[in-house]
Amino acid sequence: MALTETRPETERGGDLRDDRSGPSQIERLIGTGDHLANGRVLLGFSLVFSTLSAVGLGLAALDRTTDEGLLGGISDVLWPSSLVGLVLMGVMPLLLSLGISIVPLQVGSPSIAFPRAASLTVWTWLIGALLFVTSVVIDGGVGGEDTDAARIGNLSMGVMMAALALGMVCVATTVLSHRPLGMTLARVPFLSWSMLVAAPVWILSMGAAIAHVFLGQITGADAAGLAANFDEGIAWLLRAPSVHLIAIPVLGIAADAVVHLTGRRLRPHGAFQGAIAAYAVLSFGVWAQQPQALHTVVWTVFVLAAALPVLATLGGLGDTLRRGKVPALAALGASLVALLLLLGLVAASAVQALDTAGSGQLWNLRTDLLGETQLLFAIAAGLLGGLAGLAHWSERLFG
């Protein structure tokens, strides 16, 4: 066999180089199925949009200080849009980010169920949030006068709600099917349990609201029609009893923080799980969409009974703190203050229920102000509870 005196080009000097490069950092982040990475992205953007929405709410409140509008009457759009932003772009994604990040670690799973769906949740929600902010800027959002911008705002709300519902499916499935042998549902940590019982309430409630978003799009309504569609078909998410669904995971965060920081078990464990589950059931308000469902006996019972699980949880945690050593940590203090804010929420709800029970009003209070007070209490409790969870699990989140 004769040997050639020259070698192929690929063997002589590496003249033929492979110009293909690996994926960039952004490409890896977008395509990752790591639950911690996705949870951190959702957490960071939820805090950014919470800040923007809070600033918008403050400007709207300043504008409402005069009858003519101190800032040109921007509160008509900015006030309801900021409230929606605090809920769909702030509190709910913040709490969901803790579920995506921490729940797999609590149940001993190496990953979240449907990791690609969890990644889709994050980026779909982010697109919807950016569209909603853009809509508000160009006089859309909720209550804007520009029809095209209002349609973008209506669509973006549906996109965000669909993404959040998909994320809850991933978290709840993780709790149900990714537990190790020997860990029953009665033994899962409280955050995982609260996310599990919150999942059907979030999914069904947002599914019903998305249906109204869809109706608003296909009917070709103008800006005024979309505002009316929001008041009749979506705004019920922001009033009792549905307003309580925002804060369901706060009970689980507070319970886990107290257990871990005091070194004491909550006794009986099942009773605390039952209280969280009862609070979730009482926050289901799809049936109260229509105005005729409000201020009825059933509605009043739902609203008044929501105080019982909160009081039971707060009392049980107080007893545990009494028996254990209480550390002075931000996570513990923030979670307890969040529960006190929940007490403010149920107190405002109870006042509204008693004021409008039967025919007429007992104290002639303004129902709209009571409703806004409840929503603000729920938002504050959710944000503070989410920040308590961030402080408590910061080592697991960021190393």
Between [atom1] on residue [X] and [atom2] on residue [Y], distance to nearest 0.5 Å:
X      : Y      : atom1 : atom2 : value
Leu251 : Leu191 : CG    : CG    : 11.0 Å
Asp148 : Asp222 : CG    : CG    : 11.0 Å
Leu266 : Phe272 : CG    : CZ    : 4.5 Å
Leu95  : Leu390 : CG    : CG    : 11.5 Å
Leu98  : His392 : CG    : NE2   : 10.5 Å
Met168 : Leu196 : CE    : CG    : 8.5 Å

Are any non-hydrogen side-chain atoms of [X] and [Y] less than 4.5 angstrom apart?
X      : Y      : result
Met206 : Met92  : yes
Val298 : Trp287 : yes
Leu36  : Arg396 : no
Pro241 : Ser283 : no
Arg264 : Val259 : no
Val87  : Leu375 : yes
Val142 : Leu226 : no
Arg239 : Gln374 : no

* **Evaluation steps, side-chain contact (heavy atoms from CB on, under 4.5 Å), between Asn229 and Thr219** => CA-CA 11 Å; Asn229 181 65; Thr219 55; over 6 Å; no
Indicate every side-chain donor-acceptor pair of residues 52-61 with a distance under 3.5 Å to a residue at least two apart or in another chain.
unit_1 : atom_1 : unit_2 : atom_2 : d
Ser53  : OG     : Phe49  : O      : 2.9

Judged by atom type as modelled, is there a donor-acceptor pair below 3.5 Å linking the side chain of [X] to the main-chain atoms of [Y]?
X      : Y      : value
Thr313 : Val310 : no
Ser135 : Gly153 : yes
Gln273 : Leu185 : yes
Asn38  : Asp34  : yes
Ser242 : Leu237 : no
Ser192 : Val175 : no
Ser50  : Leu383 : no
Trp193 : Val188 : no
Thr51  : Leu47  : yes
Arg40  : Phe398 : no

* Structure fact -> When Ile112, Val103, Ile100, Leu96 are each screened for side-chain contact (heavy atoms from CB on, under 4.5 Å) with Cys170, the one that passes is Ile112
* Structure fact -> Between Ile246 and the options Val243, Ile248, Val250, the side-chain contact (heavy atoms from CB on, under 4.5 Å) test singles out Val243
Enumerate the residue pairs fulfilling ring-ring contact (aromatic ring centres under 6.0 Å, His included) with a member in [range], sequence neighbours excluded, ordered by first and then second residue.
range            : answer
residues 78-103  : none
residues 206-257 : His244-Tyr279
residues 143-174 : none
residues 133-190 : Phe190-His269

* Asked: So does Glu395 have more than 12 non-hydrogen atoms from other groups sitting under 6.0 Å from CD?
  -> no
* To do: Decide if atom CZ of Phe284 counts as having more than 12 heavy atoms of other residues, nucleotides or ligands within a radius under 6.0 Å.
  => yes
I need the minimum non-hydrogen distance between [X] and [Y], along with the two atoms involved.
X      : Y      : result
Thr296 : Ala293 : OG1-O, 3.0 Å
Gly141 : Phe132 : CA-CE1, 4.2 Å
Val41  : Val122 : CG1-CG1, 3.6 Å
Arg179 : Thr184 : NE-C, 3.9 Å
Ile74  : Asp63  : N-OD2, 3.3 Å
Ala280 : Val197 : CB-O, 3.7 Å

Indicate if [X] and [Y] have the same hydrophobic cluster label, given that clusters are the connected sets of ILVMFWY residues with side-chain heavy-atom separations under 4.5 angstrom.
X      : Y      : result
Ile234 : Leu155 : no
Val213 : Leu130 : yes
Trp202 : Leu204 : yes
Leu166 : Met160 : no
Leu311 : Leu317 : yes

* To do: Show your reasoning for whether side-chain contact (heavy atoms from CB on, under 4.5 Å) applies to His35 and Leu105.
  => CA-CA 10 Å; His35 64 99; Leu105 301 178; 3.9 Å; yes
* Lys/Arg-Asp/Glu bridge criterion (N-O < 4.0 Å) met for Asp319, Arg322 -> yes
* Candidate pair Leu83 and Ile379, rule side-chain contact (heavy atoms from CB on, under 4.5 Å), full reasoning -> CA-CA 9 Å; Leu83 290 175; Ile379 291 172; 4.2 Å; yes
Output side-chain donor-acceptor pairs under 3.5 Å for residues 329-345, partner residues at least two apart or in another chain, one line each.
unit_1 : atom_1 : unit_2 : atom_2 : d
Ser335 : OG     : Ala331 : O      : 3.0
Ser335 : OG     : Leu332 : O      : 2.8

* To do: Could you go through the side-chain contact (heavy atoms from CB on, under 4.5 Å) check for Met183 and Val107 one step at a time?
  => CA-CA 8 Å; Met183 177 183 282; Val107 299; 4.3 Å; yes
